*Asks:* 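Submitted below is the structure of interest, expressed as structure tokens.
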Amino acid sequence: MSFFLAAKDFGLFRFLKYYGFVKQRGFSMAAIIICLLSQVLVFDNLYRRMNSKWSKAILNCGKDLFSVILINPTLNWEVLCNRLAVSFNKKLNRDKAHRSCLIIDDSVIESTRAKKVELSARLWDHVCARYAKGFNLLMLSWTDGVSTIPVRLSMMSSADPKRRIMDAIQKKPDYGL
């Protein structure tokens, strides 16, 4: 089954419209989301996707388009991800013998060269027992022992301003939607 058909089967396009993921002009939001999701599965990073022959044939656009969509505060990404997780959970064929549970994971996402990354901080990594530059990733996942579905995640910085390498930049961006 193609990625487009799987997204349609899980109700992605219906959720996009229902939760206000619409654009006034340019590429449709569905095409942008499909490209973002397929980029995660096919390419290492956004730069490689932008320079691929596949990208130029499917959606020939700049990286600014993706940045504007991802940082727009009016788009509720958490609700969209939760609805997709519930939809995916309903589609799974599993035995009644499988027990399901929630996993809470607190990991440090290390970014050694994060000198000018907004809200990056020096954090204690309890696994390596040392301080690391980066972010804390707090993730809630659902599992039945066979499949694991991320339900909610949050990238966090340090609350202590002394530990932060770079504070938040206060500017009002133009989202251009």
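Remember, it's a predicted structure, so these values are computed and weren't measured experimentally. Hydrogens, waters and symmetry mates play no part in the numbers below; they use all other heavy atoms, side chains included.
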*Asks:* Looking at every heavy atom in both Ser87 and Phe10, which two are closest together, and how far apart are they?
*Replies:* OG-O, 2.7 Å
*Asks:* To the nearest 0.5 Å, how far apart are CG in Leu16 and CG in Leu80?
*Replies:* 5.5 Å
*Asks:* Indicate, with yes or no, if Phe13 and Tyr19 share a hydrophobic cluster defined by side-chain heavy-atom contacts under 4.5 Å among Ile, Leu, Val, Met, Phe, Trp and Tyr.
*Replies:* yes
*Asks:* Mind listing the closest non-hydrogen atom pair of Ile149 and Ala85 along with its distance?
*Replies:*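 Minimum heavy-atom contact is CG2-CB, 3.7 Å.
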*Asks:* Does CZ belonging to Arg122 count more than 12 external heavy atoms closer than 6.0 Å?
*Replies:* no
*Asks:* Are Leu84 and Met29 connected, step by step, through hydrophobic side chains (Ile, Leu, Val, Met, Phe, Trp, Tyr) whose heavy atoms are closer than 4.5 Å?
*Replies:* yes
*Asks:* Kindly work out whether a path of hydrophobic side-chain contacts (I/L/V/M/F/W/Y, heavy atoms less than 4.5 Å apart) joins Leu119 to Ile109.
*Replies:*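 Yes.
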*Asks:* Could you tell me if the side chain of Arg163 sits less than 4.5 Å from the side chain of Leu123, heavy atoms only?
*Replies:*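 No; the side chains remain at least 4.5 Å from each other.
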*Asks:* For a quick test of reading the model, state the closest non-hydrogen atom pair linking Leu75 to Phe21 and the distance between them.
*Replies:* CB-CE2, 3.7 Å
*Asks:* Determine whether Asp105 and Leu138 satisfy the following criterion, side chain to side chain contact (heavy atoms under 4.5 Å, CB included), listing intermediate values before the conclusion.
*Replies:* CA-CA 6 Å; Asp105 181 31; Leu138 183 62; over 6 Å; no
*Asks:* Above 12 or not: heavy atoms from other molecules or residues under 6.0 Å from CD1 of Ile104?
*Replies:*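 No.
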*Asks:* Would you say that Ser157 contacts Arg164 through its side chain, given a criterion of any heavy-atom pair below 4.5 Å between the two side chains?
*Replies:* yes
*Asks:* Would you say the side-chain atoms of Ser141 pair up with the backbone N or O of Thr148, donor to acceptor, closer than 3.5 Å?
*Replies:*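 No.
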*Asks:* Which distance, rounded to the nearest 0.5 Å, do you find between the CG of Leu153 and the OG of Ser107?
*Replies:*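 Here the rounded value is 11.0 Å.
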*Asks:* Would one find more than 12 heavy atoms of other residues, nucleotides or ligands at under 6.0 Å from atom OH of Tyr18?
*Replies:* no
*Asks:* When rounded to the nearest 0.5 angstrom, what is the spacing between CZ in Phe88 and CZ in Arg83?
*Replies:* 15.0 Å
*Asks:* What do the steps show when you test Ser158 against Asp160 for side chain to side chain donor-acceptor pair (under 3.5 Å), and what is the final call?
*Replies:* CA-CA 5 Å; Ser158 177; Asp160 184 5; 5.4 Å; no
*Asks:* Once rounded to the nearest 0.5 Å, what's the spacing between atom CZ of Arg152 and atom CG of Leu140?
*Replies:*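 Here the rounded value is 8.5 Å.
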*Asks:* Are Leu12 and Val79 connected into the same hydrophobic cluster when the rule is that any two of I, L, V, M, F, W, Y join if their side-chain heavy atoms are below 4.5 Å apart?
*Replies:*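 Same cluster.
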*Asks:* Verify the cluster assignment for Phe15 and Trp77: are they in a single hydrophobic cluster under the rule of side-chain heavy atoms below 4.5 Å apart?
*Replies:* yes
